[in-house]
Student: 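I am attaching a structure below and will ask some questions about it afterwards.
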Protein chains: 2
Amino acid sequence: MTTTPAQNAALNAAPLPDPVRQPAYAELERRHARLHRLEHLGAIVGWDQAANMPPKGNEARAAAMAELDALLHAQRTDAALTDLLARAGQEPLDDWQRANLREMRRDWRASNALPASLVERRTLATARCEHAWRGQRPANDWAGFVENFKPVLQVAREEAQHLSDATGVSPYDALMDRYEPGMTSAEVGRVFSDLKTWLPGLIREVQARQASEPPVLQPQGPFDRRTQKALSLEVMGRLGFDFDAGRLDESTHPFSGGVPEDVRLTTRYLDDDLQQALMGTVHETGHARYEQNLPRSWLGQPIARARSYGIHESQSLSFEMQLGAHPGFVGQMAPLLARHFGDQPAFAPDNLARLVTRVQPGLIRVDADEVTYPAHVILRFEIEQALFEGGLAVEDIPALWDEKMAAYLGLDTRGNHRDGAMQDVHWPSGAFGYFPCYTLGAMFAAQWFAAMRRATPDLDARLGAGDFAPVFGWLGEHIWSQASRWETPELALRASGEPLNPAHYRAHLERRYLGR
Amino acid sequence: MTTTPAQNAALNAAPLPDPVRQPAYAELERRHARLHRLEHLGAIVGWDQAANMPPKGNEARAAAMAELDALLHAQRTDAALTDLLARAGQEPLDDWQRANLREMRRDWRASNALPASLVERRTLATARCEHAWRGQRPANDWAGFVENFKPVLQVAREEAQHLSDATGVSPYDALMDRYEPGMTSAEVGRVFSDLKTWLPGLIREVQARQASEPPVLQPQGPFDRRTQKALSLEVMGRLGFDFDAGRLDESTHPFSGGVPEDVRLTTRYLDDDLQQALMGTVHETGHARYEQNLPRSWLGQPIARARSYGIHESQSLSFEMQLGAHPGFVGQMAPLLARHFGDQPAFAPDNLARLVTRVQPGLIRVDADEVTYPAHVILRFEIEQALFEGGLAVEDIPALWDEKMAAYLGLDTRGNHRDGAMQDVHWPSGAFGYFPCYTLGAMFAAQWFAAMRRATPDLDARLGAGDFAPVFGWLGEHIWSQASRWETPELALRASGEPLNPAHYRAHLERRYLGR
């Protein structure tokens, strides 16, 4: 049950609201179009803040952005919306409009479900905790962290209860729904349980195999930054980035920002490490192409937004991992590297392919490779579930963390809070329910490529020949053009004919890392 | 009667409004602070549009900027303002607050003096005329232009009458007041009449003198653009630009944008012309330093804005002409040019000084040198006066234009409308009353330097030694720190001890160009 191009074309024509038969809905569309235009300003000045702004501009910029946020919040909490949303639900809407109304309600809920006093307490608690955490983490000060983290968790539990009351799903599911609409912890638990049965063994097997191979050669720097940028731009071009609708700049923390009509990618160049900027650019280009190819005529309405964080990550990982670390793609990159930086033995295609697929369990999630990464996520998901639905106390997190790190990655983290439960910004900032998105994205990417291989049986040969069109065509038709038309589970079903299925991810890892 | 540093310090402390004794005024300050924060967004995305934005981003950007404009306009025309302004005028305010209230009223008038129907007609007429003009000018199509220009002038005449009714000054003065607060056409007419008695003769004398000198050597390109940028940055640094509070980028039409806390300069590099980017950067740095040095504690209130277009131009021309074309400054630039581009005979200080002071009457205002430029402005001022207060018909503009070009610059422009009355964007876009600012700026710049020489008798020697501090110190104390504290005539009086006096401009030209 996948959609055909003809069905897509029909779906992609945004219907004009009828102000007579759909007065409330038409008014909601008008209001959202205005929000969209104002959000454009925030997206561009936010990008500018990271990519351009000199230090003395910060105070005035923060005040300007806060003023815009307050303005948007006022528009999103306008009392008239409650009635408009209720009346629009009674109006004769077609399926597309009904999906748009569903997303309008999600947008409304995000701004209105919580009492103002709770929002204020959350802001105070997370600001205090995150600020202190930046000093406490390097000092490995768990006791100090706990003191600030408890109020954050307390507020988040209340928040989860409010969202649960508003949505009818369980508290932790309600938190997850903010990032991955329609996804449930039962579904995530199902696929993560499966993953846990085979991932630790696979990691050990891959490590043993790689240990028996000759050592991988590291490219020798230094690598001129302007040349790295020229290479990044060339690779973005090969990956179909539309430079008439976006640009590449630099920032300390790479991201994909801007607006769909004008996507602003950033990357970060290191003098002695080529891989980070290059693979980072490939990753961000995946995010960028999703945004650049959202349906043009829908833009301005909530339905036009990218579906979710997990689906967004499935695009960046389709580019970085499925395509970017594919031996066919690596073979295409090898001559580019030699042309930009002069030839060296490390640029041999086989060596490059092994370089981008090295597996090494480690304590830090953001440094993890494709194979060990899910272990970090499963651990956090299980601890979050225990915090929100199992009554786990903050004091008991480290013991559970140690137990799971030993079980999943064979690592000892006892007493090392800095590289343990204190390593991520997510918890101090109250972003509970986010972590699953990373691994959902990786699994969806594998599932998309499995579907592509069914549609294009010679896909691997074509990638090896530098023909990436089947990838872009499939993603464009099944993901990019769908925006927020469906909630995540239905998007997966329509795109690939089945719900989230970890078997594809397993097959991908076994093929790439064990040659099966 | 100039202000002392101690007086300035006292003036520069922005008083906090008293919400009990000054409730209306305090509310006005609060509203203006909010406008200021929102205008920040427009300033940054406007800069981004010129410096960064790829073409496909244009439609969404225009819509976002229009949404912001509508929002700001709604806040500026809020009916409550009429009452607040009236009540604030009855409250006990100190002098600074009263000056701020004067600027609030000016701001209010700019948004409220015209009926909405007139604003709409103006928008339509100028958009149509300016759009058509872009094609008509290259085609020298005067007849076609007249057809669209008549409605623009008609609307502008009505606008002038409305503004005149609101301010109590004559219609043309009311138009000028939008750009140069407090300046009158009587005052401008007085100094321009003086200028006309000696400028045409001086131009001929300078031309004869320069014709008798050996030819000026042109620097030989091509000039690498990155090297030009490095040179521009170095020169900006020498001119005191604060790179922690601004940056330099590129755009088709150079400008100084952004916000006082984060000034965004742009320039434009040509492969075979070094002078344009370099002198353009010096010019824009003058604008930038004014903005960067507006009183910090005033920012957010209308009184904190740069005084006017003429005073702004007096800063850019203080940098470009008074300082930038000064033999002492040129002597400092010569070794920089040789270091960046390798030595060549044209980089000899004496040759460079002659290069930047070449005088040649021409048809085009924007290409004019320092000496002939005022002739272009006087001509336009006199024609605008005749259009608004003398009943001149559009059809009669070319004859008057020809007559004045012959009289002031000895040039024949008959039939050449393209390089005549059709050359500037100001008239098709309805910006009547603006032109005088250019020459007021040049004359004020000469007047400021005359005052500086009184305060620092060895100024020329110090500039020749690379010590520009007396310039920055004087401008900072008398202009930058004053923002909109005074209207233009009083600012001039306080800064230099006299009202606008064209004798300084004449003395400057005679010294520089005739060695007197």
Side-chain angles (χ1 to χ4, degrees), chain A residues 30-31 33-49 51-72 74-75 226 241-249 257-265 288 291-292 294 296 299-300 304, chain B residues 30-31 33-49 51-72 74-75 226 241-249 257-265 288 291-292 294 296 299-300 304:
Chain A
R30 205 182 58 79
R31 289 177 177 229
R34 192 170 63 214
L35 282 172
H36 172 77
R37 291 191 289 272
L38 292 172
E39 284 170 338
H40 178 122
L41 305 170
I44 297 299
V45 300
W47 164 84
D48 181 87
Q49 186 180 41
N52 292 322
M53 193 188 70
K56 289 183 186 168
N58 193 51
E59 200 181 326
R61 180 66 52 88
M65 292 173 77
E67 190 68 50
L68 179 65
D69 284 347
L71 186 84
L72 292 169
Q75 296 195 359
R226 278 188 186 146
F241 184 89
D242 182 354
F243 286 100
D244 284 340
R247 40 185 289 139
L248 173 70
D249 293 272
V259 294
E261 303 91 338
D262 181 2
V263 174
R264 304 294 174 95
L265 288 199
E291 293 288 325
Q292 286 186 330
L294 292 167
R296 277 297 165 274
L299 290 180
Chain B
R30 205 182 59 77
R31 289 177 177 228
R34 193 170 60 215
L35 284 171
H36 172 77
R37 291 192 289 273
L38 292 173
E39 284 170 338
H40 178 123
L41 304 170
I44 297 298
V45 301
W47 164 84
D48 180 89
Q49 186 179 41
N52 293 321
M53 193 188 71
K56 289 184 187 169
N58 193 50
E59 198 180 328
R61 179 65 54 87
M65 291 173 77
E67 189 68 49
L68 179 65
D69 284 347
L71 186 82
L72 292 169
Q75 297 194 0
R226 277 187 187 148
F241 184 88
D242 181 354
F243 287 100
D244 284 339
R247 38 184 292 139
L248 173 69
D249 293 271
V259 294
E261 303 91 336
D262 181 3
V263 174
R264 304 293 173 95
L265 288 198
E291 293 288 325
Q292 287 186 330
L294 293 168
R296 277 297 164 275
L299 290 180

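What you see below is based on every heavy atom in this structure, not just the backbone, and it leaves out hydrogens, waters and symmetry mates. In what follows, chains carry the letters A, B, and so on, assigned in the order in which the sequence lines appear, proteins first and then strands, with residues in each chain numbered from 1. The structure displayed is predicted, hence computed values, not measured ones.
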Student: If you round to the nearest 0.5 Å, how far is CE of A:Met65 from CG of A:Leu41?
Tutor: 11.0 Å

Student: Using a 4.5 angstrom heavy-atom cutoff, name the option from B:Ala70, B:Gly246, B:Ala60 with the most pairs to chain A.
Tutor: B:Ala60

Student: Flag the one option from B:Gly300, B:Ala64, B:Gly57 with the top tally of heavy-atom pairs under 4.5 Å to chain A.
Tutor: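 Between B:Gly300, B:Ala64, B:Gly57, the count favours B:Ala64.
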
Student: Non-hydrogen atoms of chain A under 4.5 Å away: do they reach the side chain of B:Arg61, the backbone, both or neither?
Tutor: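 For B:Arg61, the contact with chain A is made by backbone and side chain together.
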
Student: For B:Arg264 and A:Asp48: C-alpha separation, side-chain torsions, deciding distance, then whether salt bridge (charged side-chain N to carboxylate O under 4.0 Å, His left out) applies.
Tutor: CA-CA 12 Å; B:Arg264 304 293 173 95; A:Asp48 181 87; 2.8 Å; yes

Student: Taking every non-hydrogen pair under 4.5 Å, which of B:Ala66, B:Ala33, B:Ala63 racks up the most with chain A?
Tutor: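 Winner by heavy-atom pair count: B:Ala63.
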
Student: Select, from A:Leu38, A:Asp249, A:Asn52, A:Asn58, the one with the greatest count of heavy-atom pairs under 4.5 Å involving chain B.
Tutor: A:Asn52

Student: Using 0.5 Å steps for rounding, measure from the CG atom of A:Leu299 to the NE2 atom of A:His36.
Tutor: 5.5 Å

Student: Can you name the side-chain contact (heavy atoms from CB on, under 4.5 Å) partners of B:Asp244, sequence neighbours left out?
Tutor: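 B:Asp244: side-chain contact (heavy atoms from CB on, under 4.5 Å) contacts with A:Pro55, A:Lys56, B:Asp242.
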
Student: Under the rule for side chain to side chain donor-acceptor pair (under 3.5 Å), what residues qualify as partners of B:Arg37, not counting sequence neighbours?
Tutor: A:Glu67

Student: Could you look at B:Arg34 and say if it's the side chain, the backbone, both or neither that has a heavy atom under 4.5 Å from chain A?
Tutor: both

Student: Give, as side chain, backbone, both or neither, the part of B:Leu71 having an atom under 4.5 angstrom from any heavy atom of chain A.
Tutor: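 Side chain only.
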
Student: Check whether B:Arg296 gets within reach of chain A through its side chain, its backbone, both or neither, counting any heavy atom under 4.5 Å.
Tutor: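 For B:Arg296, there is no contact with chain A at all, as no heavy atom is under 4.5 Å.
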
Student: Looking at side-chain heavy atoms only, is the closest gap between A:Val45 and A:Met53 below 4.5 Å?
Tutor: no

